[in-house]
Amino acid sequence: MVSETYAHVLTARRRISELFTPVVGLSLVGLVLVWLAVNLVQDPDGFFRVMSIGITNGALYALVALGYTLVYGILELINFAHGDVFMLGGMFAATVILDMFALSEDPSTGSLIAAILVALAVAMLACGLINVTVEAIAYRPLRRAPRLAALITAIGMSFILQDVGLIWKGSETVALPKAFPDGKIFTIGTCPDCVTYTWDRLFVLVITVPVLLALVWLVRYTRQGKAMRATAQDREAAAMMGINVNRTISFTFLIAGGLAGAAGVVFAFYFTTVRFDTGFTLGLIAFTAAVLGGIGNLPGAVLGAVIIGLIQAFNEGLSWMAPGPSWTQSIVFGILILILVFRPQGILGEQTPEGA
Amino acid sequence: MTTHRHGVIWRALEAIGLSGALARWDESPYWFRRAVAPVLIAAIVIGLAWLAGVPPSLALLIMLAITYALYVMPRRWRRVVMPATALALAIAYPLYLDKLFAIPVFKSFPTMDTMVVMAIFTLMAIGLNIVVGYAGLLDLGYVAFYALGAYGAAWFASNHFSQVDIDVASIGRIEGVAGIHISIWAVLLIAAFIAAFAGVLIGLPTLRLRGDYLAIVTLGFGEILPQIARNGDEEGLGFNLTNGPPGINPIDPPGFGSFLGDIGLPANFLLEQGTYVNFPNLIYWGAIGLVLITVFCSLRLRDSRLGRAWIAIREDETAAAAMGVPLMRTKTWAYACGAFFGGAAGAWFATFNQGVFPDNFFFNLSVFILCMVILGGMGNVWGVIVGACFLVYLDKEGLSNIASWFNENVLPCDPVAANPSNAVSAGCVNAPLLAFGIYGTIIVLVMLFRPQGMFPEERRKLEFEHGVRDEPLYDIQHDEHLETEPH
């Protein structure tokens with residue numbers, strides 16, 4: 001009897017939420033679009049300048065967000081330590097830049113490219129291995145434990161990795177030389193009101209896009225990728241089909257760590273600073289991006305990352321009614337909360353083992 | 001007499017020529033026979049302590065006596081006497097603190113300031129235990145409630161809102177300054193209710209989410225609220241809500257005023273007879289009182305209909321719903337109750353600091369409190385109290401004491417050459433920098449090797465051993481038809 005009334009209340013509530021969700025959600029999106037349109041009309045040059053910054057940041061976030069989404073897709077675990085693996089990637093890049101190549105401002109093209117390639121190789125490999133180790137030590141024993149146990153462990157791992165960075169490089173910000181050339185590639189309009197696109201932003205895309213394409217190829221067209229997708233869909237069935245589930249999960253962590261390492265390299269070169277707690281904030285932004293796009297969904301992660309990058313840049317750079325950098329974190333988390341309330345499956349739809 | 005006495009000791013005594021030792025032992029009076037073992041053990045312990053650097057003192061003897069008394073006590077008595085002793089020792093702590101001895105490695109016993117923080121964090125840990133331990137919901141933004149409680153105290157017991165002049169039985173306000181000044185005892189309740197209300201507000205839209213998403217959303221709130229506190233001045237918000245980065249101070253001190261003050265209660269905690277001498281002690285006793293109330297409420301809540309509903313939800317949401325437990329309402333109550341105590345703790349902390357500063361509230365603090373609950377044993381109030389005391393002690397004094405002992409005795413440290421921003425430099429270990437990594441290690445180790453915590457609650461232990469059905473009842477898969485693309 002009691003549960004019957006309760007079911008009745010539930011249906012009523014669901015009916016309300018069915019009306020409420022699209023109306024409020026869409027009007028929020030509409031408000032944001034109006035705000036963007038007004039800004040575009042008022043200051044078109046500034047708008048496009050900010051947009052190019054946003055796309056660059058978004059590409060960087062995409063690398064990290066893909067790591068969250070890959071791991072969530074296969075284990076349904078929010079790998080809280082992922083942001084800190086990214087931070088360690090930045091630290092590896094800093095070591096390569098400062099200690100191996102001793103780059104200074106505006107290095108020669110040859111040494112710059114060599115440094116980028118070496119940093120990518122070192123950071124991707126090292127971060128991949130760190131991620132695999134973390135999985136083997138901390139997550140694998142908890143695979144049958146309550147779901148929250150693994151999440152709590154991941155939070156603990158995040159703090160441990162931060163301490164690793166702290167012991168390695170100290171608590172001060174590691175300052176790096178501006179190695180990417182920051183000359184203009186092209187300019188639209190007459191300066192100072194001009195839209196410029198600079199080399200350093202192009203470099204970010206030049207590194208990020210091939211990595212993303214390689215990932216898509218790996219997941220879609222290789223045997224290992226097929227094994228990953230199968231394990232994500234149904235771990236037991238995959239095991240019955242002869243897939244080594246543990247190895248596949250380790251491989252996923254390797255790939256995710258490699259992506260985080262690449263992101264760390266890009267971050268170190270582009271923003272020229274790394275600190276032991278860099279990974280926490282950026283990791284949460286990237287996680288928001290993954291949820292926005294639909295967690296477990298690879299194109300979704302990239303889409304969400306670009307949107308979050310744009311929103312962040314618009315918030316910090318636009319002139320009309322923009323809250324400004326001191327509110328960025330609140331806005332990103334506000335978006336996270338709003339998505340989870342209004343559209344928890346994200347823009348492109350969630351692809352978890354049950355959902356796929 | 002009986003044969004079991006003919007053990008190794010007696011045979012050894014016979015062998016070295018003391019024949020008849022057993023007979024003489026049996027002839028000696030009963031009290032003597034009972035006293036030999038404890039005196040010997042006490043002598044050994046005192047000797048070992050002396051070797052380790054603790055000279056015998058009255059405090060050490062009393063401590064040994066209490067431990068021994070608790071040890072020989074029948075189990076049934078101990079259940080009552082042990083908490084009572086712990087409480088009496090805690091209440092009397094300020095009175096005998098200066099008579100205590102120094103211990104090796106850990107150096108001194110905690111100071112009064114540490115004890116106050118310990119009591120306040122115990123309060124919060126018990127509050128979080130309601131959410132995490134009883135209801136099984138992971139809350140990563142508990143610091144938000146703490147902050148709200150602290151700001152509640154700052155709003156209602158300071159001269160911050162100088163546009164108005166309200167005075168309800170306030171103590172120790174500065175003469176001639178406007179603002180809302182309400183008696184701190186009422187403010188405690190107001191702050192707790194503000195936090196509880198915020199808990200409901202946060203809970204209503206988000207408690208539908210599955211556990212890990214809920215954790216992240218609470219984390220988000222825990223980041224947003226302190227940022228609002230930092231930006232909440234004229235410049236950021238349009239009107240001065242939180243006074244931005246400098247925070248709000250001074251906050252009126254607690255006290256009982258002149259009426260109750262006449263019968264011996266302290267009239268004003270801050271200015272007891274015109275001095276600051278008793279301030280931490282009085283705040284400490286106040287906090288102990290709050291802890292007692294919280295423990296009582298927490299235990300009664302656990303055994304109430306609501307508390308049993310929390311445990312049912314924690315173990316199997318679907319079954320609980322089928323039995324007629326209203327999921328949303330029960331979870332929201334868990335949030336509100338947890339937040340209530342967090343708010344009270346924040347308010348008391350703000351009066352202790354005599355001000356509220358936005359930089360006191362950050363994510364790591366939420367994890368710190370979570371670590372107390374996990375280490376102590378989720379769901380077990382006593383374990384959580386021990387976890388909170390231990391971790392606050394580590395954080396405030398223990399880690400730096402251990403590190404300085406380490407630097408003096410194990411790894412020689414050169415303080416001149418050491419870089420204060422490095423965790424380890426020139427042999428010096430900078431423990432406060434490493435603190436959160438250490439708490440992270442504690443969390444990981446506990447989750448891997450003893451997920452039920454140091455002092456497990458029986459039921460929770462079984463859940464970890466046998467697993468629970470922690471599949472969410474309402475999830476996005478049930479709510480919507482997903483338009484996923486085929487692989």
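Each chain gets a letter, A, B and so on, in the order the sequences are listed, and its residues count up from 1.
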Check whether A:Trp168 gets within reach of chain B through its side chain, its backbone, both or neither, counting any heavy atom under 4.5 Å.
-> neither
Under a 4.5 Å heavy-atom cut-off, does chain B meet the side chain of A:Phe276, its backbone, both or neither?
-> neither
At a heavy-atom separation under 4.5 Å, does A:Leu151 approach chain B through its side chain, its backbone, both, or neither?
-> side chain
Winner by heavy-atom pair count (cut-off under 4.5 Å) against chain A, out of B:Ile443, B:Asp212, B:Val217, B:Leu140 | B:Asp212
Value for CD (B:Glu223) from CD (A:Gln329), rounded to nearest 0.5 Å, stands at 4.5 Å
Answer with side chain, backbone, both or neither: which region of A:Leu284 has an atom nearer than 4.5 Å to a non-hydrogen atom of chain B?
-> side chain
Best-contacting candidate, B:Asn364, B:Ile442, B:Leu214, B:Asn430, against chain A by heavy atom pairs under 4.5 angstrom = B:Asn364
Would you check if B:Val444 and A:Met157 make a side-chain contact, meaning some heavy-atom pair closer than 4.5 Å?
-> yes
Separation between CD1 (B:Ile228) and OG (A:Ser326), nearest 0.5 Å, reads 11.5 Å
Hey, does B:Leu219 have a side-chain heavy atom less than 4.5 Å from the side chain of A:Phe80?
-> yes
d(A:Ile155 CD1, B:Leu138 CG) to nearest 0.5 Å is 5.5 Å
Among A:Gly170, A:Pro323, A:Ser171, the residue with the most heavy-atom pairs under 4.5 Å to chain B is A:Ser171
Would you say A:Leu336 and B:Tyr213 make side-chain contact, with heavy atoms under 4.5 Å?
-> no
Atom OG in A:Ser330, atom CG in B:Leu225: separation rounded to 0.5 Å?
-> 8.5 Å
Inter-residue atom distance B:Leu434.CG - A:Ile160.CD1, 0.5 Å rounding = 12.0 Å
Mind telling me whether A:Phe159 and B:Phe363 have parallel, tilted or perpendicular rings, with 30° and 60° as the class edges?
-> parallel
Highest number of heavy-atom pairs under 4.5 Å with chain B among A:Gly156, A:Gly324, A:Ser158, A:Gly300 belongs to A:Gly156
Atom CD1 in A:Ile152, atom CE in B:Met378: separation rounded to 0.5 Å?
-> 5.0 Å
Does the side chain of B:Leu433 come within less than 4.5 Å of A:Asp163's, by heavy atoms?
-> no
